[in-house]
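Quick caveat: nothing in here was measured; it's all calculated off a predicted structure.
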Amino acid sequence: MKTLHGKHITLRALEPEDLPFLYHIENDESFWEVSHTQAPFSKFILKQYLNNAHLDIYEAKQLRLVIELKEKGSSIGLIDLFDFNPQHKRAGIGILIQPAFQNNGYASETLDLLVQYCFSHLQLHQLYANITSDNINSLTLFQRKHFTKVGIKKDWIFSQGKYKDEILFQLIDE
């Protein structure tokens, strides 16, 4: 499938061999705010998750893909479709790139590939993203990719002793 292959990255399904990578990502507390995690994940739980990762998006209502550098075959992040709703033809989207690989255009390329996949293969009408108001990199990325700011959820996220606004972005396939 050429749809999920870009110039520098490939989006691929999770494999059992991704357990160490997934364990590292899911247990990195710096990512917990965006993933709404409050406690570490065990390898046992993540193995079970990987065992069910083969479920069709129509059954699981979500899809997680590994972002992999083509040149090195290194896993650098994850991109998720969540709250998949085939009736209303929409899904939420979230992206996570490890800090060492940020600001290299990989998130931009990844988002382009997934948006194309969603609109052409899944026949979605719209995608949305929830981004905290202090996440400048993500705000910039989604605005550059023509996602429209459609609302602000005031004091939506409580993190590190303070409330943060969460901004709702939407991209409609015209």
Side chains of Glu174 and Ile172, heavy atoms from C-beta outward: is any pair under 4.5 Å? yes
In short, Asp155 meets Asp165 closest at the heavy-atom pair N-OD1, 2.9 Å
Open item on the list: Under a 3.5 Å distance rule, please check whether Gln102 uses its side chain to pair with a backbone N or O of Ile97 as donor and acceptor.
Closed with: yes
### Query
Does Tyr58 have its ring centroid less than 6.0 Å away from the ring centroid of Phe84?
yes
In short, salt bridge (Lys or Arg N to Asp or Glu O under 4.0 Å) pairs touching residues 121-137 with sequence neighbours left out are Asp134-Lys164
From the list Leu114, Leu81, Leu111, side-chain contact (heavy atoms from CB on, under 4.5 Å) with Leu127 holds only for Leu81
Connected to Leu168, directly or through other members, by ILVMFWY side-chain contacts below 4.5 Å are Phe82, Tyr128, Val150
Find out whether Phe101 and Leu69 are in side-chain contact, i.e. whether some heavy atom of one side chain is under 4.5 Å from a heavy atom of the other. yes
TODO: Could you tell me whether Lys43 sits above the aromatic face of Tyr23, with NZ or CZ closer than 6.0 angstrom to the six-membered ring centre and within 45 degrees of the axis?
DONE: yes
Contacts satisfying salt bridge (Lys or Arg N to Asp or Glu O under 4.0 Å) that involve residues 12-24 (not counting sequence neighbours) are Arg12-Asp18, Arg12-Glu68
Using side-chain heavy atoms (C-beta onward) and a distance below 4.5 Å, is Lys153 in contact with Asn130? yes
Side-chain contact test, heavy atoms from C-beta onward, threshold under 4.5 Å: evaluate it for Ile131 versus Phe142 and give yes or no. yes
Are side-chain heavy atoms of His88 and His125 found at a separation under 4.5 Å?
-> no
> With no hydrogens and no angle check, is any side-chain donor or acceptor of Asp83 less than 3.5 Å from a backbone partner on Gly92?
Replying inline: no
